[in-house]
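Single-structure report; data block below.
Throughout, a chain's letter reflects where its sequence line sits, starting with A, and its residues are numbered from 1. Because the structure is predicted, anything quoted here is derived from the model rather than measured.
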Amino acid sequence: MTDLSHAFAAAADTPLLQVKNLTKRYGARMGCADISFDVYQGEVLGIVGESGSGKSTLLSCLAGHMRPDQGEVFFQTAQGARDTVQMGEAERRRLARTDWAYVHQNPRDGLRMGVSAGGNVGERLMAIGARHYGDIRASAIDWLGRVEIDAGRIDERPSAFSGGMQQRLQIARNLVTAPRLVFMDEPTGGLDVSVQARLLDLLRGLVREMGLSAIIVTHDLAVVRLLADRLMVMKDGHVVERGLTDQVLDDPQHEYTQLLVSSVLQV
Amino acid sequence: MTDQAYNFAYLDEDTKRMIRRAILKGVAIPGYQVPFASREMPMPYGWGTGGVQVTAACLTPDDVLKVIDQGADDTTNAVSIRKFFVATAGIAVTEATDKATIIQTRHRIPEAALTAGQIMVYQVPIPEPLRFLEPREVETRKMHELEEYGLMHVKLYEDIAKHGQIATSYAYPVRVEGRYVMDPSPIPKFDNPKLSGNAALQLFGAGREQRIYAIPPFTHVVSLDFDDHPFSPSKANHSCDLCASDTSYLDEVITDDQGGRMFVCSDTDYCATRRAAGHIGALGGQTITEKAAE
């Protein structure tokens, strides 16, 4: 098992997110066990593994949706590194709508289906105090353009959108406040391959352009191949292998990773 | 049967005590929705069961009660509730705003300024202003707790996006003392400015939803808006056809099937008082039947 976080530590001064010994149990069952890693500014970390390997549990714990049983999650705020597990709920939720973003697998979980596309994008702005309708609408139009949604559909509800458009709208809604860390849970799940390709292309552009850090949980190796700088492979709640994406995918060391890589269908 | 079939004001004393505790808590935390154990009342939900319980808990034998429904003293809801309290509490009733000590209302605040010592009781159908945007009660409570009120502006944003202006014309959300966002019950937004700095104690009762909240006298209440779409209280651009008032909130009344209509004060007591003082509107000199005969 190779740990490259030290190599990165030399490059950038402090990690944006520092996870130490994170553990979550569901009663006797293990959700994720003793997980530690760092994420640096501008870096995309992929987490892969089969269903039930604990990757979604890990993401939920990181994003504050779930409380881990043990461990620390330090996030670099303007006031220095703060343990998001220990901080109060008000502060954590403030982080969640400013510095963090969470892209759900199913856009219906991340969007307000009864509110227009513009309202969906504007919600985070209004949540942090924007009170000028014209400005809010202008940024909504700008962001719809950036995720390739026709500005003419700004007043339509997401239910009138296709699955791919809904997912792009969810991304726009999350990125409008220029977060520093984006959590993505299977962002391409449930989309057909051509829509997936477009979404990945878009995501890659946005991540590079905005210098975002991102943690992407997926079972789709093609997604991490395209997006992730580094990769963690999880099985039964443990990290079994980690390293640079290309290195892990092209030269898998752990038997499970080898199985995972060889399971991908070749067309 | 005893000589008195009901306790004073229908509810038993323990229930009234429970409601008074909720009211006191509501007064202590302006705009906060206090849960209370709402009772079955001898009227259907939606007819003012919350308001009736608050009124019952506030009534003393010396009180003078006024009940208004959409501003009027003589509509079904107002008449029934007034009769209910005459029957169960034997208190005096009035239609004059300045003579009343307790005013139970549905959908209006009287035009005449309220005075210190008066209690306004509002009937509230849905107390949660965030309800239609966030259906989860657990989540809306958390949003109130953490002052996460961005969503309220999403509703106003949707209004402007759809209609070009803030089209919400009643139950217009307000922020109380810079803290809780509150639904002022379905009063027209024309009445919203009267919520702020009012000398009277304002109590809100939602029977079905089991919530009581309050605005103590002289509390600062602000209607939510955008910088470039400021709040504006609106009314029909007309004067009252009966009393010629330019400033009161008007109802539009269809008088025939030929497109005939008249605008009259929704506050019947205000209108009658002005007419008694000699103010006569455009149609104020004749009755509707006389007009139809022309």
Side-chain angles (χ1 to χ4, degrees), chain A residues 64-65 67 87-98 100-101 108-141 143-144 149 151-160 169 172-174 176-177, chain B residues 29 32 126 128-169 171-175 178-181 189 192 220-232 234:
Chain A
H65 298 171
R67 193 177 169 80
M87 71 171 49
E89 185 168 17
E91 198 182 350
R92 189 161 55 238
R93 282 173 69 124
R94 195 171 309 120
L95 269 185
R97 61 176 188 265
T98 53
W100 294 352
R108 285 169 178 273
D109 297 336
L111 291 172
R112 289 194 189 278
M113 299 307 282
V115 169
S116 71
N120 264 293
V121 177
E123 182 181 342
R124 273 171 78 108
L125 292 172
M126 291 182 248
I128 58 172
R131 291 291 178 266
H132 191 282
Y133 174 81
D135 294 350
I136 295 165
R137 198 163 172 86
S139 14
I141 289 171
W143 267 97
L144 289 182
I149 295 175
R153 305 193 66 174
I154 185 169
D155 292 331
E156 285 179 37
R157 292 183 175 187
S159 46
L169 181 62
R173 167 186 161 87
N174 271 290
V176 67
T177 49
Chain B
I29 317 172
Y32 172 72
I126 296 168
E128 178 51 72
L130 302 161
R131 173 63 70 247
F132 292 108
L133 295 146
E134 177 51 69
R136 291 168 293 179
E137 175 73 15
V138 172
E139 182 65 16
T140 52
R141 283 197 215 182
K142 182 68 76 183
M143 290 160 86
H144 282 294
E145 177 193 337
L146 300 176
E147 285 188 71
E148 290 183 4
Y149 290 134
L151 201 52
M152 211 63 251
H153 275 84
V154 173
K155 179 179 148 76
L156 301 180
Y157 170 94
E158 289 290 285
D159 258 7
I160 304 174
K162 248 183 240 154
H163 307 290
Q165 57 176 340
I166 299 179
T168 302
S169 55
Y172 192 102
V174 294
R175 190 148 193 184
R179 179 60 181 85
Y180 285 97
V181 164
K189 66 176 171 183
N192 267 23
H220 190 51
V221 180
V222 178
S223 304
L224 301 181
D225 60 2
F226 284 106
D227 296 343
D228 48 346
H229 286 269
F231 169 78
S232 74
S234 62

Look at Gly88(A), Gly118(A), Gly122(A), Gly129(A) and state which one has the largest set of heavy-atom pairs under 4.5 Å with chain B. Gly118(A)
Go through Gly114(A), Ala90(A), Ala130(A) and name the one with the most non-hydrogen pairs under 4.5 angstrom from chain B.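 The answer is Ala90(A).
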When Glu147(B), Glu145(B), Glu139(B) are each screened for salt bridge (Lys or Arg N to Asp or Glu O under 4.0 Å) with Arg93(A), the one that passes is Glu139(B)
Closest contact, heavy atoms only, [X] versus [Y]:
X: Ala161(B); Y: Asp155(A); value: CB-OD1, 3.4 Å
X: Glu89(A); Y: Leu146(B); value: CG-CD1, 4.3 Å
X: Asp228(B); Y: Tyr133(A); value: OD1-N, 2.7 Å

Drop me the distance from Arg94(A)'s CZ to Glu148(B)'s CD, to the nearest 0.5 angstrom.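 Reported value, rounded in 0.5 Å steps: 8.5 Å.
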Main-chain N/O of Ser116(A) paired to Glu158(B) side chain as donor or acceptor, under 3.5 Å: yes
Heavy-atom proximity to chain A below 4.5 Å, by part of [X]:
X: Leu156(B); result: neither
X: His229(B); result: side chain
X: Lys162(B); result: side chain

Side chain to side chain, Met126(A) and Met152(B), heavy atoms closer than 4.5 Å: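 Side-chain contact under 4.5 Å: no.
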With side chains defined as the heavy atoms from C-beta onward, is the minimum distance between Tyr157(B) and Arg137(A) less than 4.5 Å?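 Tyr157(B) vs Arg137(A): side chains touch.
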Is Arg97(A) in contact with chain B via its backbone, its side chain, both, or neither, using a 4.5 Å heavy-atom distance?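 Contact with chain B: side chain only.
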Interchain contact, Ile128(A) with chain B, by part (heavy-atom threshold 4.5 Å):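 Nothing of Ile128(A), per the 4.5 Å heavy-atom cut-off to chain B.
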Does the side chain of His132(A) come under 3.5 Å of the side chain of Asp227(B) through a donor N or O and an acceptor N or O?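 Side chains of His132(A) and Asp227(B): no pair found under 3.5 Å.
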